[in-house]
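Just so it is clear: chains get the letters A, B, ... in the order the sequence lines come, proteins before strands, and each one is counted from 1.
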Protein chains: 2
Amino acid sequence: MNIKHDKEKVISTGLNLICSKGYNNLGIDEICKTTGMTKGAFYNAFKSKEQFLLVAINAYGEMMVSHLTEQLEHNQSKAIDRIAAMYDDMFDRQPNNNYTGCMINNLMSELGVTNQLVSEATANEFDNFLSVIEPIVIEAQKDGDFDPSISSAAITELLHSTFYGALTRAKSTREYNHGKQTMTLLINSLRSI
Amino acid sequence: MNIKHDKEKVISTGLNLICSKGYNNLGIDEICKTTGMTKGAFYNAFKSKEQFLLVAINAYGEMMVSHLTEQLEHNQSKAIDRIAAMYDDMFDRQPNNNYTGCMINNLMSELGVTNQLVSEATANEFDNFLSVIEPIVIEAQKDGDFDPSISSAAITELLHSTFYGALTRAKSTREYNHGKQTMTLLINSLRSI
DNA sequence: TTATTTGTACCGACCGTTCTGTTTGCTTAT
DNA sequence: ATAAGCAAACAGAACGGTCGGTACAAATAA
């Protein structure tokens, strides 16, 4: 049961490739070559390219959930500020990531219409992200920073949808300040009084 | 000099195919077969698949600009309501379009990182859309519905970024009411007083 | 041994593109 | 009017390359 090129490595490498090149534009050969594994090992570990994608989506989702959780965890600053800082940080990372954006958002867009399994998986991961953010939104409502009469789920969805829209735009402009400003304006508009 | 399969038809057909299948997942053969033309005719009209895409982006952009202009043109209702109605209408169309979303948004996501020409073209079309919407935002500011102290460009960008984010999400959930509610919440949050 | 994992050659299908040859419709000379 | 000449438009077979996936023997573990 010794796997030379363990799944972990292929997944994390392939994940980055999918992020930057997209799914249809990425070949198995390139995944293998980049990882340093061979096709035999790849197809021994995954039954198809699609299944590999589903595994990668899952891994990416878990990664992001723990990243978001960490970013949002309680510290000295207020909930609304932690939310703002999290989105700011996400945009700040884009230049270093060559503006690859978010894998989930990219795949929803590329395969949402044509691949049922992928669209279900990405929709599911999106919901996972919302589940991490919503408690902090509720906290901000309790702080009186967000209007408590508005559904916390609706606010959370608005926040993350806007984030994804601005992130997609950043991919083509290769510029992240507009995105940061857009998120800031949104959060300020949601601020009660 | 008579062109049997005039460009117009190929472009409008191919445009819809790109919208629903994406660029990398769509072959010239399928474009030709769907349009009823042959490869000879296709490559006589376009020098490459990429050039065809650029032409299609342009055609789609013009189509959307005139559509948006029409939707937003002055009528009995207030500017802010026309904006809200436009986004509502856009979501209402999604089920009929099989949740293909917006071609510009899709291409920004799929090719933004890997294709310079396409990312420039899509960024340009996005700006064109903003140019159509911003005057109506200014009108809403004059009506006192949007805060006039906020940059109209920033408000417009926030509106359309959120729209794109929610549209992408709709692709994977195949459901458009969340998107409509998100846009409504955003517009109400932007409403002054 | 026996079972599992790896490396590599290979398959058929499909890709974007180019090719050759044919049709088409306009121009021009008669 | 009509026929020759011509260039653009068309049809669709063919090309080299790449794709996802498989076959199978060698290597490695149990």
Expected list for residues 52-65 of chain B: side-chain donor-acceptor pairs under 3.5 angstrom, two or more places apart:
unit_1	atom_1	unit_2	atom_2	d
B:Tyr60	OH	B:Met103	N	3.3

ask   = Do the side chains of A:Tyr176 and A:Arg93 get nearer than 4.5 Å, heavy atoms only?
value =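 Not touching, per the 4.5 Å side-chain cut-off.
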Distance in angstrom units between [X] [atom1] and [N] [atom2], rounded:
X       : N      : atom1 : atom2 : answer
A:Lys33 : D:dT18 : NZ    : C1'   : 13 Å
A:Leu53 : D:dG20 : CG    : P     : 12 Å
A:Phe46 : C:dT6  : CZ    : C1'   : 15 Å

key: Which nucleotide in D:dC10, C:dT5, C:dG7 has an atom nearest any side-chain atom of B:Asn44   =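 So the nucleotide nearest the side chain must be D:dC10.
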query = Which pairs, with at least one residue in residues 181-193 of chain B and sequence neighbours excluded, count as a side-chain hydrogen bond (donor to acceptor under 3.5 Å, both in side chains)?
reply =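 Qualifying pairs: B:Asn188-B:Arg191.
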message = Restricting to side chain to side chain contact (heavy atoms under 4.5 Å, CB included), what partner residues turn up for A:Asn75, sequence neighbours left out?
response =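 Checked A:Asn75 against side chain to side chain contact (heavy atoms under 4.5 Å, CB included); matches are A:Ser77, A:Arg82.
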query = Which pairs count as salt bridge (Lys or Arg N to Asp or Glu O under 4.0 Å) when at least one residue sits in residues 124-135 of chain A, sequence neighbours excluded?
reply =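 Of all non-adjacent pairs touching residues 124-135 of chain A, those that pass salt bridge (Lys or Arg N to Asp or Glu O under 4.0 Å) are A:Asp127-B:Arg169.
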inquiry  = So, using ring-ring contact (aromatic ring centres under 6.0 Å, His included) as the criterion, who are the partners of A:Phe163 when residues are at least two apart?
reply    =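 Applying ring-ring contact (aromatic ring centres under 6.0 Å, His included) to A:Phe163 gives A:Tyr87, A:Phe91, A:His160.
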remark   = In B/S/- notation (B base, S sugar-phosphate only, - none; protein heavy atoms under 4.0 Å), nucleotides 10-21 of chain C written 5' to 3' is -----SBBB---
